[in-house]
There are 4 protein chains.
Amino acid sequence: MINGERKIASPLRWGMVGGGRTGQVGYKHRTGALRDGTYRLLAGAFDLDAARGRDFGERIGVAPDRCYASYQDLIAGEADRVDGIEVVSIATPNFTHYEIATASLEAGLHVICEKPLFFTVAECEEIAALARRKDLIVGVTYGFTGHPLVRQMAAMVKKGMLGDIRLVDMAYTHGFNAGDDVGAPEAVRWRTNPRTAGPTFVLGDIGTHLFYLSEVVLPHLKIERLLCDRKAFIPSREPLEDHATVLMHYDNGARGRLWVSSVDAGNMGSQRYRFTGSRASLSWSDAHPDQLIYEVQGEPSRILCHGMPYLEQESLDVDRMGALHTEGLGDSWANIYLWIAEAIDAKKRGEEEFLKTHHYPGIAAGTEGVRWLENCVRSADAGAAWVTYG
Amino acid sequence: MINGERKIASPLRWGMVGGGRTGQVGYKHRTGALRDGTYRLLAGAFDLDAARGRDFGERIGVAPDRCYASYQDLIAGEADRVDGIEVVSIATPNFTHYEIATASLEAGLHVICEKPLFFTVAECEEIAALARRKDLIVGVTYGFTGHPLVRQMAAMVKKGMLGDIRLVDMAYTHGFNAGDDVGAPEAVRWRTNPRTAGPTFVLGDIGTHLFYLSEVVLPHLKIERLLCDRKAFIPSREPLEDHATVLMHYDNGARGRLWVSSVDAGNMGSQRYRFTGSRASLSWSDAHPDQLIYEVQGEPSRILCHGMPYLEQESLDVDRMGALHTEGLGDSWANIYLWIAEAIDAKKRGEEEFLKTHHYPGIAAGTEGVRWLENCVRSADAGAAWVTYG
Amino acid sequence: MINGERKIASPLRWGMVGGGRTGQVGYKHRTGALRDGTYRLLAGAFDLDAARGRDFGERIGVAPDRCYASYQDLIAGEADRVDGIEVVSIATPNFTHYEIATASLEAGLHVICEKPLFFTVAECEEIAALARRKDLIVGVTYGFTGHPLVRQMAAMVKKGMLGDIRLVDMAYTHGFNAGDDVGAPEAVRWRTNPRTAGPTFVLGDIGTHLFYLSEVVLPHLKIERLLCDRKAFIPSREPLEDHATVLMHYDNGARGRLWVSSVDAGNMGSQRYRFTGSRASLSWSDAHPDQLIYEVQGEPSRILCHGMPYLEQESLDVDRMGALHTEGLGDSWANIYLWIAEAIDAKKRGEEEFLKTHHYPGIAAGTEGVRWLENCVRSADAGAAWVTYG
Amino acid sequence: MINGERKIASPLRWGMVGGGRTGQVGYKHRTGALRDGTYRLLAGAFDLDAARGRDFGERIGVAPDRCYASYQDLIAGEADRVDGIEVVSIATPNFTHYEIATASLEAGLHVICEKPLFFTVAECEEIAALARRKDLIVGVTYGFTGHPLVRQMAAMVKKGMLGDIRLVDMAYTHGFNAGDDVGAPEAVRWRTNPRTAGPTFVLGDIGTHLFYLSEVVLPHLKIERLLCDRKAFIPSREPLEDHATVLMHYDNGARGRLWVSSVDAGNMGSQRYRFTGSRASLSWSDAHPDQLIYEVQGEPSRILCHGMPYLEQESLDVDRMGALHTEGLGDSWANIYLWIAEAIDAKKRGEEEFLKTHHYPGIAAGTEGVRWLENCVRSADAGAAWVTYG
C-alpha cells in the first residue's frame, strides 16, 4: 500500500508545458504528481497567453520568474539555473508534442507526454533514439492504467487464471460530441482538426487508452490482422472520425473488438473491458473502478474489491485508499507519475537492471499506441479492409 | 394491461412436435401458450422415443390417444378428428423445421416454429408461398421480443425521441460451450453439427434474437453492407462457429455491431442492446429486463420501469405483472403466443386488414432472420469480407 | 426443474371470489394457477357488480352459469354440482376474508387466501380449527416466496453457510401513496380504512411479505421482543400507517430491522433482504430477483444466478426458466399455487406424512403473519415501545 | 471546478500528530492536504515509537529535526521557530484527542482532528470556548462529505426539490470485525476498548459519518426523540457495541433510521443514504460515489453524474476530476482540507463575515456528533428506550 513514503532519493524538479487554466488535463497531471512529494513543480509555460499563464503559475505556487511565455523560454531559462527542472510534462495539443519533446530531450530533460504521443511511428522512433542517446526517460500519461485493479488483472492473466485468452472486448464511448462543433471550445476544435490532432480523433483521444490497457493486461498477445471502420457522424470532422470500430486477430487465435465514439449520445458508462479465456473472464469499467468482476465458467460470478487481502500483491502494493474507500482517477494518475519517477530516478542512478523489468508507460508503450493508430488508419482508408498488422 | 381476458373468439386447438421431457425449450412454449386459455394443448409428438413421449404427454394432460409417435402420425391422426388441432408448434432441431412445416401447412395447420426458421431463404420463400396458398399463418418464436419494454423502445424510436439513429450495438454471449463437446448432451451436439443445425451455430441460435429485436425497434433501417468474422474456438465445431462478430452499415448511414458467443466463459449478462440516435440512446438487457435506460445527451440518465404510467400505451397494453413486479421470460413468450394467436384468429375470420398492421413475428420476420444468416455466412466464407446485403 | 409435468393426480376444480376486471391481483392468481394444468378455473364470483363479473368470467373462459353474483351463490351453486369446485381462492379486500373462508370451509372447500389472512390471531385460530375439523387445506398467497432463490437462501442457511445468524435487514418500500388519497381508486381506499383493511395498512399489505419470507429462510429464529414505530404521513390514513419501522430481538441474540412504506417517493427498488451470519451474508431483492448475492467475509462477493448447477437441489427443483432466463413474479406464484395444490392433493389422499414436511404457505404461516401484525400494533399503540412477543 | 489554483493567500505551515507508518488514516490526511499546495507538511510527531516516527517523517519529506518524539515536543519545538507550524492535525486514537487539542490551541495552533472529536459534549464545549478565546479554528475530518454530490444533495434539498422531508435512511456497515479480536492489530484493539475509544465503538467510528452527512444535507431538521439499540456480538467488546440501530423522530415529523455495524459479514457496500421527501428522494452511496439517484414519484428514476453541467453550481465548484472521471475518497478529503484551510485563512485575516456562512466541518459539527453519541448511549443504556434529544 502506498502511504506517501518516498520511493525515490529526492523529489524531481518538474516543469509543465501547457495544462493552464483553460486546459482540461493539467490538473490531472498536477494532482497525480504532487500529492506525495515525488515531484516539485518549479516552472512552467502553462499557456499560449503568457500573462494568463504567469498569473496561473503564480496561483499554483510557481515563482513568477519561472512562469515562462513559451516552451522555448522554459527550456532556455531553466537550463541557466543550477536548480533548473530535470523533467517536463507536455500537456498540449497533439501537434506540438513532437517538437516540444525533441527540444526538451535535446536540453537534457526527461519527458512526460500526453497521448497520443506523436503523429507517426517514425517520429516515435526518432524520439526513442534521441532519448536513448541522451540517456533520458520518456513517459506517457495513460492515466487509467494506474488503478490497482488493472495491476490485478495483469497478475491474474499471468497466473493463468483465465486459461488461454480467446476474446478481448473493449469500448470507450461518450456523447459529448453528439452535436456539431459550431461554437465548441478550443479543446474540442483542435481535436477535430487533422492539422492539430493528427491522423485521428477518437481513436487517438480515447482509443489509445483501451489499446494500452489491453497491452498491460495481455502483454503476450500480438495483433496479426486488424480491421478499422471509422466514420464522422458530424461531417465537419472529416477526414477524422467520431466513431470507430476495430476488429483484431491476435497471434494466439484470440479475437478482439474495440469501439470508440464521442457521439454515443447519453452514454455515461465510460470505459469498459472484458477479457475472456478458455476458463474464466475479467470485466472492469472505470464507471465502477473499485470493482473487478471475475467469472469462472460454471461458478458464481465474483466481485473483487480493490485493497482486499485476497488480491495479488502487485495490486495491493499500489493501492492508496484501502478497501471500501474509492480510488479516484487522481490516484491512478499518481501511480503513473510515481512509476515514471521511479524510472527517471533509476536512469539518473544508472540502474539499467531495474529499468529492464520496471513497469511504466514509456516510449515503447507510446510508440505501440501510435503504431496501432497507423494500422487503424491504413485499414479505414482502404475501405475498412483487413490489414496485416505492421 | 393483460389480465387473461380472451383476445380471440375461442381457444385454439393446439399440438406440439418436440418439446418433450429432455428438450430445453418445450416448457417455454407451453408456459407461453397455456396461461390464458388462448390455446388448448390437445395433441403432440413430443419425443423421438415414442413411449417416453406418450408418458410425457399424459403427464402434461394430453389424452393418450393423441400422443403420437411421429409428426407424420400427429398430422394424420389429427386430420381424422372433428376436434383435431388447428395449429402446431415445432420445437425440434433446426434440420427438421422445413419438412415438418411443409407437411403441417399441407395438412391445413397453422405453424409456430422455433428459430432459426429454416436453412435457406429459398426454403423460407417456399414455405411463405405455401402458407399464402393455404391461407395459413406461420409464426416464429422470437421469445424475448414479447417484453413490454421492447414495445416501449419501438414506440420511442418511432416518436423520434432518439433523433436520427446512428449506432446499434448488440451482444448475446454466454460461456456454456466454453469447454469442448465431449460427452455433451444431445441438445448441444445437434447444434454444433451442420447437418442438424444448418449453416451456423451461435449466429442462428442466439444471433437471430438480436437481429429480430433490432428489426422490431428499428423497422425503418435497412442493412446495406455487412461483415461477419466467425470462428470455432472448439475446433470440432468447424465449419460452424462458437463466436462471431458482425459489422453492419445501414442505409441511413448508421453503424451497427453485433457479437454472439457461447465461449464467453463466465458471462451471465445475456443479451444487451444499445440504440443511439443523434439526441439520445436506449439500453436494454434481459439480465435486468424490467429496466429500460434512456439517456438524453446532457441530461441525467433515466431508468424507466415497465408498467409505469409514463410509458407509451403500446407498452402498457402488453404488460402483465405491473410495475415493481418482475415480468419473466414466460410472460414475454405469452405475449408472442398471444400475438400469433390473434393473427391466426384474424386469418380464420378473413380479417386481412387487421393482419396488415398486426405486430407479430411471422414468416417475413423468420425469412429476414435466415437472410441475415446467409449474408453473415457469405461474408465469413469470403474471409470476413464486406458484402453487399442481399 | 419444473416443465409442466403434473405433480398431482388430476387437476383441481377451482373457483375464485374477487379478482375481477378492476382488481389488481386476480391475474396473478390465475397466471400462477393455470399455466401447468394443475388447476382448472370452473367458477367464480369475480365482482361485486354481478353483470361485470359475469362478462369478465366468460371472457376468461368460465361458463356463464358458473359466474355467480356473490360468494354465497358460488358456494351454494357449486355444492349442487357433481363437478363442483373443490378449492376456492379469495382475492377480495381484507375484511371479507374471514367470512368467505368460514363459509367456504364449512361447505367443504379448500381455501387459498390473500394476505393478511384475517384481522386477528383469534380468527386465524378459529379458521385453523375449522379446517382441521373439516380436513381441509388453507393456503396463503405469499407470492414472492415461490422464487427458486428464496429456496436457495433457506437451503444455504440450513447448511450453516452463513454461520450463526446475527442480523436480519428487510425493507419493502414504494412511493405510490406519497400523495393523498383524494380521488384514489377503490383499491387504495379500502386499504387505508381500518374497517376494510383491518388494524394495519402497509404492515399488513407489504410487511407480511417480508416477515413470511424471513420465516422461510430462518425457520429456527423466534422473535423475543419487538418494537414498532408507525406513522401516517397522510393524516387521513390514521389510525393506520403508511410508514413503519420494526426492530426485533430474536431468541438466538440476532437483531432484526424491517421497514415498510408506501410514501417512499420515487422508490422503485421494491423488496430487499439481507441475512447476515457470523461467517457470511445473503442479499436478495425482487428488483433483480434472478441474482442472489453471497458474501463470505474476507472473500470476493459472489453473485449466484438461478438455475445454475452450483445451486442447491431444492432450488433447482423449482426453477422454471433456467439460467439466464428471467423468472418472473408469475413463475413464483405458479410455484406457490403448485405447492398448495400438492398439499390439497395429499390431503385428499390422506397422506398426512407428506404434509408434515411439505413446504407451502398454509394456515400456520398466515396465522404467524397476523400474530406479528398484532405485536406490531401493540407496540406502536404503546408509543413505539418494546413488547414481549406473544 | 477545482484545478489547484490557490484559494488562500499562502500555504499553511502544517504538522501532524499520529498518522505514521502503521496508522490507517494518516495518508488520507496527507493526500487530502498536500495535492494543491494549500498546506506544507513541515513537522510531525508521527509515531509513539520515536525512531520509527522519525524515519517515517524523513521518508515523507519532513526535516529530521522537525520529526518529534511526542506531541509535547512538537508543540514546544515548533513554538521556538519563526517558521513554526500554524496548524496541526490529530490522527491518533480517540482518547488522546482532547489533551492534544487543548495543548495545541493553548500553543496558538489551529487544530484539525479526527472524529469522534472527544468523549463528551462538555469536553467539546471547553475546546470550543478555548478556540474562541484563542481565535483559532478547529476542523473535523468528516472525510466523505467533501464529495461534490454531497453538496449537490444539500443544494437540491434547499431548493425544495424533494418536497417536505419525511424519511431519512442511512447505513454504514461492514464485516471486518465479524470475527473476534484475538490477535487483532492495534488499530482494532484501541477501538474496542472504552478507555481508548470512548463510550462507543461503531457509533463513533462510522456512525458519526452518517450523522454529519445528514446534517449537511438536511441542516433544517432537528432530532426530537431518539432510540438506540446497540449490541456487541463479540462479547469482549462490551460495553461497547459492534452493531447499533438508531431510530430518530425529527421536529418536522420526519422519521429517521440509521444502522452501523462492523459485523455485517461480507458487506462491501459501505455507506448508503436515502433522503425522501413528499415529492422525490435522493440516494447516494460511497460504493458508487459518482452517481446520485434522484427519484421523483411517478417519473423515471434519474441518475445524476458528478461534474455534469446540469448539476447545481455549489457542486460543480468543488468538482476536481470532471464527469466520467472518478472522484476518489482522496479528492473528498482534499475538499475538506481545503474548506478548513479557507476557514483558517479567513480567521487569520479576521474575516468573520466569511466565516459566518463558510461551509466546513468545524467545532460545532464535531460537538453535534458527540452530542448525538451521548444521546445514543443514554438510550441504549436505558434498554434501547426512547429519549428526548438533548
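Per chain, numbering begins at 1; letters A, B, ... match sequence-line order.
A distance of 9.0 Å separates OG1 of C:Thr245 from CZ of D:Arg255, quoted to the nearest 0.5 Å. Distance check, rounded to the nearest 0.5 Å: CH2 of D:Trp259 to CH2 of C:Trp259 gives 13.5 Å. For the atom pair C:Leu247 CG and D:Leu227 CG, the distance stands at 6.5 Å (nearest 0.5 Å).
The backbone N or O of C:Gly253 sits less than 3.5 Å from a side-chain atom of D:Lys231, completing a donor-acceptor pair.
If you measure heavy-atom distances from D:Arg225 to chain C, the contacts under 4.5 Å come from the side chain alone. Contact of D:Arg279 with chain C is made through the backbone alone, with heavy-atom distances under 4.5 Å. If you measure heavy-atom distances from D:Ser281 to chain C, the contacts under 4.5 Å come from both the backbone and the side chain. Heavy-atom distances place the side chain of D:Arg274, and not its backbone, under 4.5 Å from chain C. For a residue to count as touching a neighbouring chain, one of its non-hydrogen atoms must lie under 4.5 Å from one of that chain's; by this rule D:Leu162 does not touch chain C. Heavy-atom distances place both the backbone and the side chain of D:Ala384 under 4.5 Å from chain C. Heavy atoms of D:Ala178 lying under 4.5 Å from chain C belong to its backbone as well as its side chain. Interface residue D:Ile234: only side-chain heavy atoms are found under 4.5 Å from chain C.
Across C:Glu295, C:Met268, C:His249, the residue that shares the most heavy-atom pairs under 4.5 angstrom with chain D is C:Glu295.
At most 12 non-hydrogen atoms from other residues, nucleotides or ligands lie less than 6.0 angstrom from CG of D:Asp164.
The minimum heavy-atom distance linking D:Leu258 with C:Arg257 is given by the pair C-NH1, 4.4 Å. Of all heavy-atom pairs between D:Ala265 and C:Gly277, the closest is CB-O, 3.5 Å.
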For residues 170-177 of chain C, please give each side-chain donor-acceptor pair under 3.5 Å, one per line with the distance, not counting sequence neighbours.
from, atom 1, to, atom 2, distance (Å)
C:Thr173, OG1, C:Asp264, OD2, 2.7
C:Thr173, OG1, C:Asn267, ND2, 2.8
C:Thr173, OG1, C:Arg272, NH1, 3.2
C:Thr173, OG1, C:Arg272, NH2, 3.2
C:His174, ND1, C:Phe176, N, 3.1
C:Asn177, OD1, C:Ser262, OG, 3.1

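Applying the ring pair (Phe, Tyr, Trp, His ring centres under 6.0 Å) criterion to C:Phe233, with sequence neighbours excluded, gives C:His243.
D:Thr276 places none of its side-chain heavy atoms less than 4.5 Å from the side chain of C:Val263.
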